[in-house]
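Heads up: the structure comes next, in structure tokens.
Here is how names work: the chains are called A, B, and so on, in the same order as the sequence lines, proteins then strands, and each is numbered from 1.
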There are 2 protein chains.
Amino acid sequence: MDSKIVGLRSKLEIYKAGSGGGNIADCPVRDVIQGISNKWSSLLMMALAEKPYRFGELRRLVPDISQRMLTQTLHDLQRDGYVHREVFPTKPPSVEYSLTDLGRSMFGPLHQLLQWAELNHGAVRDARNAFDATET
Amino acid sequence: MDSKIVGLRSKLEIYKAGSGGGNIADCPVRDVIQGISNKWSSLLMMALAEKPYRFGELRRLVPDISQRMLTQTLHDLQRDGYVHREVFPTKPPSVEYSLTDLGRSMFGPLHQLLQWAELNHGAVRDARNAFDATET
DNA sequence: TAGTGCTGGTCTCTTTTTGAGACTTATATA
DNA sequence: TATATAAGTCTCAAAAAGAGACCAGCACTA
């Protein structure tokens, strides 16, 4: 399996697929993607792909996330099965977050996208500058 | 190039990389990723990867997007260089949106993620059900 | 000639989501 | 006694998204 686009024909079908009907709004693939298409998910996935972290460590690692959104994003990632949450009975109790097998599996393709971003952020920046220049 | 995770060690460095300093908040990779990590971008990228579409066609293709968000998301994708917008002097004027080379390039890894979602949405759904069952 | 519809939007208003920051509970340390 | 730490929760303000009316220019219809 290479990284070429396979089956250019029915990409929308993939998004639609599984719901049986033709309603693209309740498509399971879209449902999965939207669970990770938000401001903080990929960032936290990447942090946890490196190693497990505790709540406070993540907060310090990503200084511009609010405690509220850190709690909520970790909770959502846990609900979708990407992240495991474990409480240790220290005093005060500490909580460790780590990727599950499913999380590591999902991080594979996500990592490809992150690498693309690393290689191409210059091109994106240039496109933005050019665009902003033309519309005054 | 295969789909394995290369260089497990410094993933956060990728997110941080390029800005020179150590401030993860203004990291160019994060900047690129956040441009496409929103509710509608990946869906529109996928539609346009299939073939160019006109504004009204996209609106009918994705019935639950508001006209306002369709305009805005296409504008943002155009600004980042993924999408080309062309006005045809018909009456009334029609506007066609298509992927640029950069857009097609980015769609490669994005497509990998979409395929992962297609293969694993069952596991995610199961995880959600299990999670929701335990927290009553 | 007035009415209707099509195009690709914009404008305004309401609802939802996010952000900032104080507050909590229980323990340990100074 | 005062302060700190852990992992959150709660409240309020700000930002973003959704709903739907409205717009201009032209073609077609009645």
Side-chain angles (χ1 to χ4, degrees), chain A residues 23-26 30-31 33-44 47-48 51-80 83-98 131 134-136, chain B residues 23-26 30-31 33-44 47-48 51-80 83-98 131 134-136:
Chain A
N23 186 4
I24 205 173
D26 27 270
R30 200 173 137 180
D31 186 43
I33 292 295
Q34 291 195 347
I36 55 178
S37 289
N38 60 63
K39 188 166 177 181
W40 303 112
S41 290
S42 65
L43 189 50
L44 294 178
L48 295 175
K51 68 186 184 71
Y53 278 103
R54 288 174 41 196
F55 185 87
E57 291 176 317
L58 287 171
R59 193 157 59 89
R60 286 186 287 275
L61 201 60
V62 187
D64 59 336
I65 192 174
S66 66
Q67 217 159 323
R68 191 181 155 287
M69 287 312 293
L70 181 55
T71 304
Q72 185 178 309
T73 306
L74 287 169
H75 179 272
D76 293 349
L77 290 174
Q78 187 193 356
R79 188 172 100 100
D80 283 7
V83 161
H84 172 70
R85 177 181 185 272
E86 188 158 10
V87 181
F88 292 99
T90 56
K91 296 166 210 147
S94 54
V95 180
E96 188 181 85
Y97 293 91
S98 55
F131 185 86
T134 60
E135 63 158 19
T136 28
Chain B
N23 186 5
I24 206 172
D26 25 272
R30 200 174 137 180
D31 186 44
I33 293 295
Q34 291 195 347
I36 54 177
S37 290
N38 60 63
K39 188 166 178 181
W40 303 112
S41 290
S42 65
L43 189 50
L44 294 179
L48 296 175
K51 69 185 183 72
Y53 278 104
R54 288 177 39 199
F55 186 87
E57 292 177 316
L58 287 170
R59 194 156 58 87
R60 285 186 288 275
L61 200 61
V62 187
D64 59 336
I65 192 174
S66 68
Q67 218 161 320
R68 189 180 158 285
M69 287 314 293
L70 181 54
T71 303
Q72 185 177 307
T73 306
L74 287 170
H75 179 272
D76 293 348
L77 290 174
Q78 188 194 355
R79 189 172 101 99
D80 282 6
V83 161
H84 172 70
R85 177 181 186 270
E86 189 159 10
V87 182
F88 292 98
T90 56
K91 295 162 210 153
S94 54
V95 180
E96 188 181 85
Y97 292 90
S98 56
F131 185 86
T134 60
E135 62 160 17
T136 17

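Looking at residues two or more places apart in sequence or on another chain, you find no salt bridge (Lys or Arg N to Asp or Glu O under 4.0 Å) involving B:Asp76. Applying the side-chain contact (heavy atoms from CB on, under 4.5 Å) test to B:Arg68 and every residue at least two apart in sequence or in another chain returns B:Ser66, B:Gln72. Partners of B:Ser41 by side chain to side chain donor-acceptor pair (under 3.5 Å), not counting sequence neighbours, listed by chain and number: B:Asn38. A:Pro52 meets the side-chain contact (heavy atoms from CB on, under 4.5 Å) test with A:Glu96, A:Ser98; sequence neighbours excluded. Contacts of A:Pro92 classified as side-chain contact (heavy atoms from CB on, under 4.5 Å), with partners at least two apart in sequence or in another chain: none. For A:Ser94, the side chain to side chain donor-acceptor pair (under 3.5 Å) partners at least two apart in sequence or on another chain are A:Thr90.
Listed pair A:Lys39 / C:dG19 meets the phosphate criterion, a side-chain N or O lying under 4.0 Å from OP1 or OP2. The side chain of B:Trp40 places an N or O atom within less than 4.0 Å of a non-bridging phosphate oxygen (OP1 or OP2) of D:dG18.
As rounded to whole Å, 14 Å separates atom C1' of D:dA6 from atom NZ of A:Lys91. Look at CD on A:Glu86: it is 18 Å from P on D:dA6, rounded to the nearest Å. Taking atom CD of residue B:Gln34 and atom C1' of nucleotide C:dT18, one finds them 13 Å apart after rounding to whole Å. The distance between atom CZ of A:Arg68 and atom C1' of D:dA15, rounded to the nearest whole Å, is 12 Å. Rounded to an integer number of Å, the gap from B:Asn38 CG to D:dA15 P is 19 Å.
Residue-level contact check: A:Phe88 touches neither bases nor backbone, having no heavy atom under 4.0 Å from any strand.
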Output a table of donor-acceptor pairs, distance under 3.5 Å, between side-chain atoms of residues 53-62 of chain A and any protein atom two or more places apart or on a different chain; print 'none' if there are none.
unit_1  : atom_1 : unit_2  : atom_2 : d
A:Tyr53 : OH     : A:Glu50 : OE1    : 2.9
A:Glu57 : OE1    : A:Arg54 : N      : 2.7

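Non-hydrogen atoms lying under 4.0 Å from DNA chain D are contributed by A:Thr71, all within residues 69-78 of chain A. Of all the residues in residues 55-66 of chain B, B:Phe55, B:Gly56 reach under 4.0 Å from DNA chain C with at least one non-hydrogen atom.
For the pair A:Gln34 (side chain) and B:Lys39 (backbone), a donor-acceptor distance under 3.5 Å is present.
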Would B:His75 and A:Phe131 satisfy ring-ring contact (aromatic ring centres under 6.0 Å, His included), going step by step from the backbone distance to the final call? CA-CA 10 Å; B:His75 179 272; A:Phe131 185 86; 5.2 Å; yes
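Counting only heavy atoms from C-beta on, A:Pro92 has its side chain closest to D:dT5 among C:dA20, D:dA7, D:dT5.
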